[in-house]
**Q** 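Just dropping this structure here.
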Amino acid sequence: QVQLVESGGGSVQAGGSLRLSCVASGGTFRTNDMGWFRQAPGKEREFVVAISWSGGSTYYADSVKGRFTISRDNAKKTVYLQMNSLKPEDTDVYYCAGRRSDGYLQSLGHEVDYWGQGTQVTVSS
């Protein structure tokens, strides 16, 4: 069983930047596809981005493409989300997510095996 702990959330002005971190423990991190989702009150949880277990492939939602960058350091069992040019509509709770890789990165957008507890991101205009 993989445990995920997020950090790095906070409040910023529109146009600012934040970097979220997700540290994994237990299980076999190396074989997990990883990603980030976000959710605002009263809304459905939204897929943001995924990265393959090898780090060689990424897939971004259109809403964040060109502004957010995902990366991972398997030696540190950590996934990062660099968020630039933040907009008020990016205000959400951000959740780290993991899935045992089945060879298809897009699978993470449909089913998640492990969730973090979430970290709040607030962007003011």
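Values reported hereafter were calculated over all heavy atoms of this structure, with side chains retained and with hydrogens, waters and symmetry mates removed.
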**Q** Do E6 and Q117 have side-chain atoms, one donor and one acceptor, less than 3.5 Å apart?
**A** yes
**Q** So if you build clusters from Ile, Leu, Val, Met, Phe, Trp, Tyr with side-chain heavy-atom gaps below 4.5 Å, do Y114 and M34 land together?
**A** yes
**Q** To the closest 0.5 Å, what do you measure between CZ (F68) and OG1 (T58)?
**A**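 It comes to 14.5 Å.
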**Q** Listing request: all disulfide (SG to SG under 2.5 Å) pairs with a residue in residues 90-125, at least two apart in sequence or in separate chains.
**A** C22-C96
**Q** Which pairs with one or both residues in residues 16-25 pass side-chain hydrogen bond (donor to acceptor under 3.5 Å, both in side chains), sequence neighbours excluded?
**A**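 Output for this query lists S17-N84.
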**Q** Are Y95 and F37 an aromatic pair by the rule of ring centers under 6.0 Å?
**A**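 No, too far apart.
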**Q** Does atom OH (Y59) have a neighbourhood of more than 12 heavy atoms from anything else shown, all under 6.0 Å?
**A** no
**Q** Applying salt bridge (charged side-chain N to carboxylate O under 4.0 Å, His left out) to D33 and R100, what does each step give before you reach the verdict?
**A** CA-CA 6 Å; D33 295 335; R100 297 182 300 274; over 6 Å; no
**Q** Hey, what do you get for CZ (F29) to CG (L4), rounding to the nearest 0.5 Å?
**A** 8.0 Å
**Q** Let's go through D90 and R38 carefully: what are the C-alpha distance in whole Å and the side-chain angles of both, what is the deciding distance for salt bridge (charged side-chain N to carboxylate O under 4.0 Å, His left out) to 0.1 Å, and is it a yes or a no?
**A** CA-CA 9 Å; D90 295 320; R38 62 187 184 183; 2.9 Å; yes
**Q** Side-chain donor-acceptor contacts of residues 103-112 below 3.5 Å, not counting sequence neighbours, with atom names and distances?
**A**
unit_1: S107; atom_1: OG; unit_2: D102; atom_2: OD1; d: 3.3
unit_1: S107; atom_1: OG; unit_2: D102; atom_2: OD2; d: 2.9
unit_1: S107; atom_1: OG; unit_2: Y104; atom_2: O; d: 3.2

**Q** Take atom NZ in K43; do more than 12 heavy atoms of anything else shown fall under 6.0 Å from it?
**A**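 Counting neighbours around NZ of K43, 12 or fewer heavy atoms of other residues, nucleotides or ligands fall under 6.0 Å, so no.
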**Q** Let me confirm one number: the OH-OG1 distance from Y94 to T119, rounded to the nearest 0.5 Å.
**A**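 Answer rounded to 0.5 Å: 10.5 Å.
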